[in-house]
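Heads up: the structure comes next, in C-alpha cells.
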Amino acid sequence: MSKVLIRASRTYAVQIEDRLPGDAGERVRAAVPGAARAAILADDTVWALYGPELEDRMTAAGLTVFHHVFPHGEASKNASTYIEILEWLSRCRIDRQDVLIALGGGVTGDLGGFAAATYLRGIAYIQIPTTLLAMVDSSVGGKTAIDLPAGKNLAGAFWQPSLVLCCCSALDTLPRETLADGCAEVVKYGVLCDGELFRHLEERGLDFRRAYVVERCVRDKQDFVSRDEFDRGARKLLNLGHTLGHALEQKSDFALSHGRGVSIGMAVVTRAAANRGWCPAELPERLEGLLKQLQLPVRSPWPVKELEEYLLADKKWSGDRVEVIVPEDLGRCGIRPMDRQELIRFMEEGCR
Ligand code: NAD
Ligand code: GLY
C-alpha cells in the first residue's frame with residue numbers, strides 16, 4: 001500500500017491499494033471512530049460489481065450497513081437524486097456520528113460528498129473511487145457538487161472526506177473509453193506541473209503503471225489543495241481545459257463525457273496559446289499526439305458560436321471576466337483573465 005496525506009481543513013489519507021483490503025471495515029472505523037452505521041452510495045453499474053463485497057467488509061467490522069443505488073451517468077448528478085439521497089439518509093436514521101461511503105466514479109463522489117456536506121449540516125464521508133478520473137482527481141480535495149439546468153456543478157460545497165481508498169484493480173472492469181476519460185485528467189497534471197508523468201504516458205499509453213500514476217497524480221493534487229483549498233488562487237490551475245470542456249459536455253446534453261470535454265478543452269487552449277506565442281510552438285502537436293494515442297478527441301464538434309451560452313454560464317466568471325488557464329510550457333501553466341469578447345476570440349483561434 002502507498003499513502004498520501006492530504007493537508008486541508010481536515011487532514012486525511014489517500015490509501016492506494018491493489019484491491020479492496022480485507023480490513024476495509026476497520027479502516028473506515030479508524031477514520032470515523034464514532035460511526036455505528038455506514039450508508040453506501042453507488043450507481044447501478046458499480047453496485048453490481050463491487051457493492052456486496054464492500055457491504056460484507058463493513059458488516060464484518062461491526063457496522064450496520066445501508067445502501068442506496070441510483071442510475072449511472074452524469075444525468076443523475078442533479079437536484080432530484082440529491083434530495084432522494086438526503087431522504088434515504090434520514091430514513092436510515094444516519095446521525096452525526098455515522099458515515100456515508102461514496103463507492104464509484106466522480107458522479108457518485110460529487111453527489112455523495114454534497115449530501116454528506118449538507119445532511120444534518122455535515123456528516124463524515126469516505127470516498128472509494130472506482131474510475132481513474134475519480135482516483136486521480138475528483139475523490140481528492142473536497143469539491144462536491146450537483147449540476148443545475150443552468151450549468152455544471154453550480155450547487156456544491158467544499159467538504160473534505162475522512163479517507164480515500166483507491167483500489168487499482170477496479171480499473172480492470174472499466175470500459176476502455178472510461179479509462180481514457182480519466183487519462184485526460186492525468187494528462188492535465190502532466191501539462192500543469194509534471195513533465196515526467198506526461199512522458200510516462202507518452203511511453204506507455206493506456207498501458208500505464210496504474211498505482212504509479214494514481215499516486216503521482218494524488219501527490220500533484222495534494223500540492224494544489226494544500227496551498228489553496230478553497231480555489232482562490234493556485235487551485236484554479238486545475239481547471240485547465242475545463243471552461244470549454246464543461247460547455248461541450250452541456251451542449252452535448254452529457255453525451256460527451258467530462259474527460260473528453262477536458263481533452264478537447266486542453267487541446268484548444270494550447271493551440272490558441274501557441275498561436276499567440278504564450279507557449280512553445282511545438283507544444284500543441286505534442287499534446288495532441290498524446291491525447292490521440294490515448295484515444296481522446298482534440299477537436300470541438302461545434303463551432304464556438306454554438307457554445308457561447310454555455311461558456312458564459314461557467315461558474316468561473318467573476319463580474320465580466322473569466323480566468324482562463326493557459327499552458328506556458330510542458331509542466332507550467334498561467335492564469336489569463338479575459339472578458340467575453342476576448343474569450344470567444346481566444347477559443348475561436350484554438351478551434352481553427
Ligand atoms: P462516472 O461516475 O459517471 O463514471 C463513469 C461510468 O463508469 C459510469 O457509468 C459508472 O457506472 C462506470 N464505472 C465506474 N466505475 C466502474 C468500474 N470500476 N468498472 C466499470 N464501470 C465503472 O464519471 P467519472 O468519469 O468517474 O466522473 C465524472 C464526474 O466527475 C463529472 O460529473 C465531473 O464533473 C466530476 N468531477 C469532479 C471533480 C471534483 O473535484 N469534485 C473533478 C473532476 C471531475
Ligand atoms: N478538479 C478541480 C479541483 O479539484 O479543483
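Remember, it's 1-based here, ligands and their atoms both numbered in the order they're listed. Keep in mind it's a predicted model, so treat the numbers as computed, not measured. Residues: numbered from 1 along the sequence shown.
Under the 30°/60° scheme for interplanar angles, the aromatic rings of F346 and W278 are found to lie parallel.
Side-chain contact check for T144 and Y125: no donor-acceptor pair (N or O, by modelled atom type) lies under 3.5 Å. N153 and K143 share no donor-acceptor pair across their side chains, judged by distance under 3.5 Å alone. Of the N and O atoms on the side chains of N78 and T81, at least one donor lies less than 3.5 Å from an acceptor on the other residue. A donor and an acceptor atom, one from each side chain of Q222 and R7, are nowhere located under 3.5 Å apart. A donor-acceptor pair shorter than 3.5 Å can be found between the side chains of Y82 and T118.
One finds no salt bridge joining E177 and R260 here, because no Lys/Arg side-chain nitrogen approaches an Asp/Glu carboxylate oxygen to under 4.0 Å. The pair R340-E308 meets the salt-bridge criterion, with a side-chain N (NZ, NE, NH1 or NH2) lying under 4.0 Å from an Asp/Glu carboxylate O.
Cation-pi contact between R227 and F224: present, with separation from the ring centre below 6.0 Å and deviation from the ring axis of at most 45°.
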Ligand 2 N/O to protein N/O, distances under 3.5 Å:
unit_1, atom_1, unit_2, atom_2, d
ligand 2, 1 (N), D137, OD1, 3.1
ligand 2, 1 (N), D137, OD2, 3.3
ligand 2, 4 (O), K221, NZ, 2.6
ligand 2, 4 (O), R235, NH2, 2.8
ligand 2, 5 (O), K143, NZ, 2.8
ligand 2, 5 (O), R235, NE, 2.8
ligand 2, 5 (O), R235, NH2, 3.4

Are any protein N/O atoms closer than 3.5 Å to the N/O atoms of ligand 1? If there are, list each pair with names and the distance to one decimal place.
unit_1, atom_1, unit_2, atom_2, d
ligand 1, 2 (O), G106, N, 3.1
ligand 1, 2 (O), V107, N, 3.0
ligand 1, 11 (O), D43, OD1, 3.2
ligand 1, 11 (O), D43, OD2, 2.7
ligand 1, 15 (N), T130, O, 3.4
ligand 1, 15 (N), T130, OG1, 2.8
ligand 1, 18 (N), T130, O, 3.0
ligand 1, 18 (N), A170, O, 3.0
ligand 1, 18 (N), T173, OG1, 3.3
ligand 1, 19 (N), T173, O, 3.3
ligand 1, 19 (N), T173, OG1, 2.7
ligand 1, 26 (O), G106, N, 2.8
ligand 1, 26 (O), T131, OG1, 2.7
ligand 1, 27 (O), G106, N, 3.2
ligand 1, 32 (O), E74, OE1, 2.5
ligand 1, 32 (O), E74, OE2, 3.3
ligand 1, 32 (O), K77, NZ, 2.8
ligand 1, 32 (O), K152, NZ, 3.3
ligand 1, 34 (O), K77, NZ, 3.1
ligand 1, 34 (O), K152, NZ, 2.7
ligand 1, 41 (N), D110, OD1, 2.9
ligand 1, 41 (N), K143, O, 2.9

